[in-house]
Amino acid sequence: MQFQRVSFFFVAFVAFILCALAAPVPADDDSLEKRITHSGRGTWYDTGLGACGKWNNSWEMVVAISHLRWNGGGNCGQYMQINWGGKSQYAKVVDECMGCADGDLDMSASLFSHFASQSKGVLNGVSWHFMAKGWHP
Ligand SMILES: *[C@@H]1O[C@H](CO)[C@@H](O)[C@H](O)[C@H]1NC(C)=O
């Protein structure tokens, strides 16, 4: 009896693991993308008319992403969480950065200032990930 009970729990445990492994992966690209943490350099730029077609000001928490992450404008309006130096901030994608490497971010002045003085110019080792589509702070 004792052995049977153990084997029952073992079978249940294995079944549980298989179910967890077989859980459907969301097909939505954005929900996959948001789990990926990107990293690169952070710089700042003078906001204006962004490639997403909207005007934004330097005091808004907005960001330009690399042309390699631009996705044909598909990431316009998407929020991300940015981490650097133990600080964190949400920002919205409003522009495309042609000079940026894959994980680099070009930030509005106020966004950059949230992390460091503008005179620092470049933040190395900025990490960020997209929030779920439609999420906003
Ligand atoms: C940026 O500009 C757009 C269009 O004017 C506006 O809707 C948005 O609230 C602005 N700020 C942010 C943080 O998106």
Side-chain angles (χ1 to χ4, degrees):
M1 281 300 128
Q2 186 68 22
F3 175 74
Q4 271 180 340
R5 203 174 327 154
V6 168
S7 61
F8 169 78
F9 280 115
F10 179 74
V11 168
F13 179 71
V14 169
F16 172 77
I17 295 292
L18 289 177
C19 283
L21 290 176
V25 174
D28 185 341
D29 283 342
D30 294 300
S31 54
L32 286 176
E33 170 74 0
K34 79 177 178 192
R35 296 180 205 160
I36 300 170
T37 299
H38 305 280
S39 61
R41 289 155 31 108
T43 49
W44 65 275
Y45 73 109
D46 282 316
T47 50
L49 178 61
C52 293
K54 304 271 172 68
W55 288 87
N56 285 99
N57 296 301
S58 60
W59 61 81
E60 294 178 308
M61 296 294 171
V62 292
V63 68
I65 54 171
S66 170
H67 60 107
L68 299 168
R69 297 247 149 250
W70 177 240
N71 188 22
N75 288 321
C76 276
Q78 182 81 20
Y79 273 93
M80 63 170 69
Q81 184 175 19
I82 306 170
N83 297 294
W84 187 84
K87 294 177 187 170
S88 183
Q89 179 63 48
Y90 296 113
K92 189 178 180 180
V93 174
V94 298
D95 208 350
E96 179 181 19
C97 173
M98 297 310 295
C100 285
D102 192 86
D104 292 354
L105 296 176
D106 210 5
M107 308 179 187
S108 65
S110 60
L111 179 57
F112 190 95
S113 299
H114 178 83
F115 296 104
S117 162
Q118 286 171 34
S119 63
K120 189 171 171 67
V122 179
L123 307 177
N124 286 306
V126 170
S127 70
W128 58 277
H129 61 88
F130 284 120
M131 303 303 290
K133 200 169 186 73
W135 184 93
H136 61 86

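Quantities reported herein were computed from a predicted structural model and do not represent experimental measurements. Because only heavy atoms are used, hydrogens play no part in the values below, and waters and symmetry mates are left out as well, while side chains stay in.
Between the Ser66 side chain and the Cys100 main chain, a donor and an acceptor come within less than 3.5 Å of each other. Not one N or O on the side chain of Trp128 forms a donor-acceptor pair closer than 3.5 Å with the backbone of Gly40.
The shortest non-hydrogen separation linking Lys87 to His114 is CD-O, 3.4 Å. The shortest non-hydrogen separation linking Ser110 to Ser58 is OG-O, 2.7 Å. The shortest non-hydrogen separation linking Gln81 to Met131 is CB-SD, 3.9 Å. Here the closest heavy-atom approach between residue Leu123 and residue Phe115 is recorded as CD1-CB, 3.7 Å.
Applying side chain to side chain contact (heavy atoms under 4.5 Å, CB included) to Ser108 and the options Asp95, Thr47, Val94, Val63 leaves one that passes, Thr47.
Distance check, rounded to the nearest 0.5 Å: CG of Leu49 to CG of Asn56 gives 9.0 Å. Remark: Arg69 CZ to Asp104 CG distance equals 11.0 Å, nearest 0.5 Å. Interatomic distance, OG of Ser127 versus NE2 of His38, reported as 10.5 Å (0.5 Å rounding). Residue Asn57 holds its CG atom at 11.5 Å from CG of Asp46, rounded to the nearest 0.5 Å. Atom-to-atom distance recorded for Met98:CE and Leu68:CG is 8.5 Å, nearest 0.5 angstrom. The line from CD1 of Ile82 to OG of Ser39 is 13.0 Å long, rounded to the nearest 0.5 Å.
Residue Trp135 places its CH2 atom among more than 12 non-hydrogen atoms of other residues, nucleotides or ligands, all under 6.0 Å distant.
Taking hydrophobic clusters as Ile, Leu, Val, Met, Phe, Trp and Tyr residues chained together by side-chain heavy-atom distances below 4.5 Å, Val126 shares a cluster with Met61.
Between Tyr79 and His136, the ring-plane angle classifies as tilted under the 30° and 60° cut-offs. Ring planes of Trp44 and Phe112: tilted class, angle from 30 to 60°.
Side-chain contact check for Gln78 versus Met80: every heavy-atom pair is 4.5 Å or farther apart. With a 4.5 Å cut-off on side-chain heavy atoms, Trp70 and Asn75 do not count as touching.
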For Lys54 and Val62, what are the C-alpha separation, side-chain angles and deciding distance, and is it a side-chain contact (heavy atoms from CB on, under 4.5 Å)?
CA-CA 11 Å; Lys54 304 271 172 68; Val62 292; over 6 Å; no

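Legend: residues meeting side chain to side chain contact (heavy atoms under 4.5 Å, CB included) with Asn124, ordered by chain and number and at least two apart, are Arg41, Val122. In this structure, the side chain to side chain contact (heavy atoms under 4.5 Å, CB included) partners of Ser113, at least two apart in sequence or on a different chain, are Gln118.
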